[in-house]
Amino acid sequence: MPMPLRFMCLLIFLVTGSATADMSLRVINGDDANLDDAPWQAAVFVDNGFACGAVVIAPSWVATAAHCLFDRNGYPLSLSPERVKIVTKTDSVKRSVYNIPQEKVVGVERMLVHPEYTEKTFKADLAVVKLSRSVSSPAVVIADSRVQQRMESVAGDREDMSLQLTGWGSIRATGEGISNRLQKAHLSLVSDLSCATAWGTTLRDVAGYQQAYVCTNSSRFSTCFGDSGGPLVWTDPDRVSDADRGKTLVGIVSFSAGQLCGQGVAPDVFTQASTYSGWMENCVAGKSCDFKVASPNLNSQQVGTQNTNSSGGAWFFLPMLLLNLWRR
């Protein structure tokens, strides 16, 4: 099934030449992956078509990017959970959910978007999805602040390639060569300072950007045109013999320098998992957690609280950039 590209203009400030921020991304220059590489990998389908990546965080919950849960018109899909399906326990997906073995397809009970999510800055680009039934895929371990600090001290601004990105989609920045096979790439961490220097006010104008984002080097391996919502996992070299092989979820794919993927124009940017680990854990555990209230009024910015056990490089600023937003 062909996947339409959608475009949205947003006011955004960037300090690089002609780069544009690109959401819903795909792995560039990756290798074929299998379930052993990322057993927690999941996919989001909207209106029966492939939309985004996701990651299993509990037997009946996945996490994904918040922007994946809005349709082409900006309508919140949390108002229509029947339009969303989650696929797990596979390293191969088709463009249509009808071409996937139905035992791997799960319905959605509800979706909770982080209350601080905003399209203007992509801060808190995170959502959790409650599945209609439990799945057998193992849940990834979510990094806490101690893991984040250790990763930064061990891997910061070093070419150690200890971060693994996985996802489906195009293997070229042009959007051609769509792959049904799960792809993987190993990336290096970019420090907050280096990332903010490259992205300029796009990051620096976000309060607390150091805790909001994780960045990786995009000079060869990169996210682009379709991986959004997928996992970035760090392997702690001192814990590879542990039961979890030292692997923890440190990021959720959010945005990158669009149309120039894999060229090193600016680091790829991920939602920092450790900052929002408490929120995810509270939602999954059935404790009260705040979420953005879905409303047909697209300007609504209300926040609600729910107990989830209940039902129901250059120095020139570009003031206007075309944000390429691909969701399905």
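Just so you know, residue 1 is the first one in the sequence shown, and it goes up from there.
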Checking side chain to side chain contact (heavy atoms under 4.5 Å, CB included) for the pair Val253/Phe270: CA distance, chi angles, key distance, verdict? CA-CA 5 Å; Val253 181; Phe270 303 74; 3.6 Å; yes

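- Ser188 and Leu163 get closest at one heavy-atom pair: C-CD1, 4.0 Å.
- Of all non-hydrogen atoms in Asn180 and Trp168, the two that sit nearest each other are O-CD1, 3.2 Å.
- Checked by atom type, the side-chain pair Ser194/Thr197 shows no donor-acceptor distance below 3.5 Å.
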Would you check, one step at a time, whether the test side chain to side chain contact (heavy atoms under 4.5 Å, CB included) holds for Trp61 with Val129? CA-CA 6 Å; Trp61 289 85; Val129 178; 5.7 Å; no

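- Nearest heavy-atom pair, Pro39 versus Arg245, reported as atom, atom and distance to 0.1 Å: CD-NH2, 4.4 Å.
- The two residues Ala65 and Ile252 make their nearest non-hydrogen contact at N-CG2, 3.9 Å.
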Audit row: Lys85, Val108, side chain to side chain contact (heavy atoms under 4.5 Å, CB included) steps and yes/no: CA-CA 6 Å; Lys85 298 290 186 294; Val108 167; over 6 Å; no

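- In this structure, Trp199 contributes its side chain and Pro267 its backbone to a donor-acceptor pair below 3.5 Å.
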May I have the step-by-step check of side chain to side chain contact (heavy atoms under 4.5 Å, CB included) for Val62 and Leu131, ending in yes or no? CA-CA 8 Å; Val62 300; Leu131 308 181; 4.3 Å; yes

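- Look at Asp32 and Lys184 and you find no salt bridge, because none of the NZ, NE, NH1 or NH2 atoms lies under 4.0 Å from a carboxylate O.
- Following chains of ILVMFWY side-chain contacts shorter than 4.5 Å, one cannot reach Met280 starting from Val141, and the two form parts of different hydrophobic clusters.
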Walk me through it: do Thr121 and Thr118 pass the test side-chain hydrogen bond (donor to acceptor under 3.5 Å, both in side chains)? CA-CA 6 Å; Thr121 65; Thr118 170; 4.6 Å; no

Trp234 vs Ser162, test: side-chain hydrogen bond (donor to acceptor under 3.5 Å, both in side chains). Steps then yes/no. CA-CA 6 Å; Trp234 178 59; Ser162 61; 3.0 Å; yes

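- Val128 is listed as a side-chain neighbour of Trp279, based on a closest heavy-atom distance under 4.5 Å.
- Across all non-hydrogen atoms, the minimal contact from Ser254 to His67 is O-CE1, 3.5 Å.
- Between the Asp71 side chain and the Tyr75 main chain, a donor and an acceptor come within less than 3.5 Å of each other.
- For the pair Thr64 (side chain) and Gly53 (backbone), a donor-acceptor distance under 3.5 Å is present.
- Counting heavy-atom neighbours within 6.0 Å of Arg133 CZ, excluding the residue itself, gives a total above 12.
- Each of Asp192, Val206, Asp125 was checked for a side-chain contact (heavy atoms from CB on, under 4.5 Å) with Tyr213, and the lone residue meeting it is Val206.
- Put simply, OG1 on Thr248 and CE on Met151 are 7.5 Å apart, with the number rounded to the nearest 0.5 Å.
- Lys247 has no carboxylate O lying under 4.0 Å from a charged side-chain N of Asp236, or vice versa, which leaves the two without a salt bridge.
- Going from atom OG of Ser92 over to atom CG of Leu35 covers 10.0 Å, rounded to the nearest 0.5 Å.
- Judged by distance alone, with hydrogens and angles left aside, the side-chain atoms of Ser132 form a donor-acceptor pair with the main-chain N or O of Gly107 at under 3.5 Å.
- Judged purely by atom type and a 3.5 angstrom limit, Lys94 has no side-chain atom pairing as donor or acceptor with the backbone of Asn99.
- At distances below 3.5 Å, not a single donor-acceptor pair connects side-chain atoms of Trp40 with backbone N or O atoms of Leu249.
- For the atom pair OG1 of Thr90 and CD of Glu103, the computed distance is 9.5 Å after rounding to the nearest 0.5 Å.
- With hydrophobic clusters built from ILVMFWY side chains whose heavy atoms lie under 4.5 angstrom apart, Leu182 shares a cluster with Ile100.
- Taken from CG in Leu203 to CG in Leu193, the straight-line distance is 11.5 Å, to the nearest 0.5 Å.
- For Tyr276 and His114, the ring centers are positioned less than 6.0 Å apart.
- Within the 3.5 Å criterion, the main-chain N or O of Gln148 finds no donor-acceptor partner in the side chain of Gln272.
- Residues Cys215 and Leu189 approach most closely at O-CD1, 3.5 Å, considering heavy atoms.
- Looking only at distances, a side-chain donor or acceptor of Ser96 sits under 3.5 Å from a matching main-chain atom of Tyr98.
- With hydrogens and angles ignored, the 3.5 Å screen pairs no side-chain donor or acceptor of Ser80 with any backbone N or O of Arg83.
- Here NZ of Lys104 is found 7.5 Å from NZ of Lys89. Values are rounded to the nearest 0.5 Å.
- A donor-acceptor pair is defined here as one N or O able to donate and one able to accept, closer than 3.5 Å; no such pair exists between the side chain of Lys130 and the backbone of Cys283.
- Separating the CD atom in Glu152 from the CD atom in Gln210 is a distance of 10.0 Å, to the nearest 0.5 Å.
- No hydrogens or angles considered: a donor-acceptor pair under 3.5 Å links the side chains of Thr166 and Gln41.
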